[in-house]
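Okay, so here's the structure we're looking at.
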Amino acid sequence: MSLYETLKMPISFEADYYASDAWEERKKEMDQEAQQFNTLLKLGNEVIKGLNNLGGRR
């Protein structure tokens, strides 16, 4: 590889990482974590709604 080709290469490995299978796996993990968190929030909201309904029936 010539010096010119070397200097034309990106300094970071970011482009290589985002094009790799490791990024696809990490992206799936992050999506799954977000879905789990959203599920917990939805369940918490349903509990709050239920408590509000109980309090309003007096």
Side-chain donor-acceptor pairs of residues 30-50 under 3.5 Å, sequence neighbours excluded:
from : atom 1 : to  : atom 2 : distance (Å)
N38  : ND2    : A34 : O      : 3.3
T39  : OG1    : Q35 : O      : 2.8
N45  : ND2    : L41 : O      : 3.4

Check: residues 20-27 side-chain donor-acceptor pairs under 3.5 Å, at least two apart:
from : atom 1 : to  : atom 2 : distance (Å)
S20  : OG     : Y17 : O      : 2.6
S20  : OG     : A22 : N      : 3.4
S20  : OG     : W23 : N      : 3.4
R26  : NH1    : E29 : OE1    : 3.4

Summary of salt bridge (charged side-chain N to carboxylate O under 4.0 Å, His left out) pairs that have at least one residue in residues 4-16, sequence neighbours excluded: none
Residues that, via side-chain heavy atoms closer than 4.5 angstrom, fall in one hydrophobic cluster with L7: L3
